[in-house]
Amino acid sequence: MTKTALITGATSGIGQATAHEFAKHGIALIVCGRRQDRLDALQKELENHCRVHTLNFDITDREAVFKAINSLPEDFKIIDILINNAGNAHGLDPIQDGNLDDWDAMMDSNVKGLLYVSKAVIPQMTERQSGHIINIGSSAGKEVYPKGNVYCASKHAVLALTEGMRMDLNPFGIKVGAINPGLVETEFSQVRFKGDHSANDVYKGFAALQPEDIADIIYFAITRPPHVNIADLLVLPTAQASATLVKKEL
Ligand code: NAP
């Protein structure tokens, strides 16, 4: 039977590439984000391959999350796969210079937003005793780097929540796992540096991961046999050995 996946942050980067990958395999899609023009364009592109429904909401807005997910039409109500991908870094500052709005934005989206969306979807999974949740963490969830403070904390929280969810949902046969990428060339750095030109330098001089690389791995994870759960996976560009060690040819 055709499965349905809800992907947050499908308007860009990893989420968008995942929507394309899933569509190739006919998985019905609920694509989420705040930019309606991009959601519309994605729907138009993908609907020759699969059924597509768009949901526009801010994951940091608790009421909007529940309203959006509760509004799903009958033929999209059963969510088999949840990809908790939406999130960003905001700023790269030493802790003493950190911007409170940046801190709020990261904790609100990367941690609380992921929780709200999960809370809205999990009850139907526990009721059916099936489902698969993949949280997009980060290498920043495994290793802290200078000036990464709050972003790293938010992604460490994603890993803790992934483990906690896997334990609590274990009696229900629900798979929970985290995919943790290193440097992926998306709009991530544009957002982090607020459009500043330094964003362009992040991916220069080495072959960064592309969003399609991560989408491919996510598709691999959701297509393992029922007894196999990819619980926690770290994926780096070959040129990257750690958060601060990247072999660049400049
Ligand atoms: P991106 O291209 O900037 O995409 C971020 C996505 O998240 C967008 O679709 C954005 O959609 C959505 N989003 C952000 N805040 C949101 C909010 N408050 N409400 C709803 N949607 C929101 O970045 P990306 O690299 O693909 O990032 C995807 C995930 O991968 C993030 O969790 C990020 O932390 C993680 N990650 C990225 C990297 C990397 O190097 N790129 C590495 C490790 C982990 P709208 O703006 O339309 O709402």
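We use all heavy atoms of the structure for the numbers below, so side chains are in, but hydrogens, waters and symmetry mates are not. First listed ligand is number 1; within each ligand, the first listed atom is number 1.
Which parts of ligand 1 touch Y151 is read off a 4.0 Å heavy-atom cut-off, strictly below it: atoms 33 (C), 34 (O), 36 (N), 44 (C). Residue E187 approaches ligand 1 through these ligand atoms, each under 4.0 Å from one of its heavy atoms: 2 (O), 3 (O). Within ligand 1, counting atoms from 1 as listed, the ones closer than 4.0 Å to a heavy atom of G13 are 2 (O), 26 (O). Near L183, the atoms of ligand 1 lying under 4.0 angstrom from a non-hydrogen atom of the residue are 40 (O). If you number the atoms of ligand 1 from 1 as listed, the ones under 4.0 Å from a heavy atom of T60 come out as 18 (N).
Residue, atom and distance of the protein heavy atom nearest to atom 23 (O) of ligand 1 are T186 OG1, 3.4 Å. Of the protein's non-hydrogen atoms, the one nearest atom 26 (O) of ligand 1 is I14 N, 2.8 Å. Ranking protein heavy atoms by distance to atom 18 (N) of ligand 1, first place goes to D58 OD1, 2.9 Å. In this structure, atom 21 (N) of ligand 1 lies nearest to the protein heavy atom A86 CB, 3.7 Å. Among protein heavy atoms, the minimum distance from atom 27 (O) of ligand 1 is reached at G87 O, 4.1 Å. Protein heavy atom closest to atom 2 (O) of ligand 1, with residue, atom name and distance, is S12 OG, 2.5 Å. Among all non-hydrogen protein atoms, the one lying nearest atom 38 (C) of ligand 1 is G182 O, 3.9 Å. Counting protein heavy atoms only, atom 3 (O) of ligand 1 is closest to N88 ND2, 3.0 Å.
Looking at Q36, R34, R192 and measuring to atom 46 (O) of ligand 1, the nearest heavy atom belongs to R34. Among N85, I136, V158, the residue whose heavy atom lies nearest to atom 31 (C) of ligand 1 is N85. Taking each of V184, D108, I7 in turn, the one with a heavy atom nearest to atom 39 (C) of ligand 1 proves to be V184.
Using a 4.0 Å heavy-atom cutoff, K155 is listed among the residues neighbouring ligand 1. Under a 4.0 angstrom heavy-atom cut-off, G137 registers as being in contact with ligand 1. Contact annotation: T8 has no heavy atom less than 4.0 Å from any atom of ligand 1. Close to ligand 1: P181, with a non-hydrogen atom less than 4.0 angstrom away. Not a single heavy atom of A140 lies less than 4.0 angstrom from ligand 1.
Within 6.0 Å of the NZ atom in K77, the count of heavy atoms belonging to other residues, nucleotides or ligands exceeds 12. A 6.0 Å sphere centred on NZ of K147 holds no more than 12 heavy atoms belonging to other residues, nucleotides or ligands. Within a 6.0 Å radius of CD1 in I78, no more than 12 heavy atoms belonging to other residues, nucleotides or ligands are found. The local environment of CD in Q96 is crowded, with over 12 non-hydrogen atoms from other residues, nucleotides or ligands closer than 6.0 Å.
With a 6.0 Å cutoff to the six-membered ring centre and a 45° limit on the axis angle, R224 counts as a cation-pi contact of F220. For the pair R51 and F76, the cation sits on the ring face: its NZ or CZ lies under 6.0 Å from the ring centre, inside 45° of the axis. Annotation: cation-pi geometry not satisfied between R128 and F172 (NZ/CZ under 6.0 angstrom from ring centroid, within 45° of ring axis).
Among the atoms of R35, some N or O lies under 3.5 angstrom from an N or O of ligand 1. Of the polar atoms of T11, at least one N or O is found under 3.5 Å from an N or O of ligand 1, judged by distance alone. Not one N or O of G15 is nearer than 3.5 Å to an N or O of ligand 1, by distance alone.
Judged by distance alone, the side chains of N180 and S138 never bring a donor and an acceptor atom under 3.5 Å apart. No hydrogens or angles considered: a donor-acceptor pair under 3.5 Å links the side chains of S154 and N110. Side-chain contact of H25 with E21: a donor-acceptor pair under 3.5 Å is present, judged by distance alone. A side-chain N or O of N84 and one of S118 form a donor-acceptor pair less than 3.5 Å apart.
With a 4.0 Å heavy-atom cut-off, ligand 1 is reached by no atom of Y116.
Just one residue in the list Q36, K44, Q43 forms a side chain to side chain donor-acceptor pair (under 3.5 Å) with D40, and that residue is Q36.
In this structure, R35 pairs ionically with E187, as a charged nitrogen and a carboxylate oxygen lie closer than 4.0 Å. For the pair R166 and D232, the salt-bridge criterion is not met [side-chain N within less than 4.0 Å of a carboxylate O].
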Decide ring-ring contact (aromatic ring centres under 6.0 Å, His included) for F57 and F66; before the verdict, give the C-alpha distance in whole Å, the side-chain angles of both, and the deciding distance to 0.1 Å.
CA-CA 10 Å; F57 62 94; F66 286 91; 9.9 Å; no
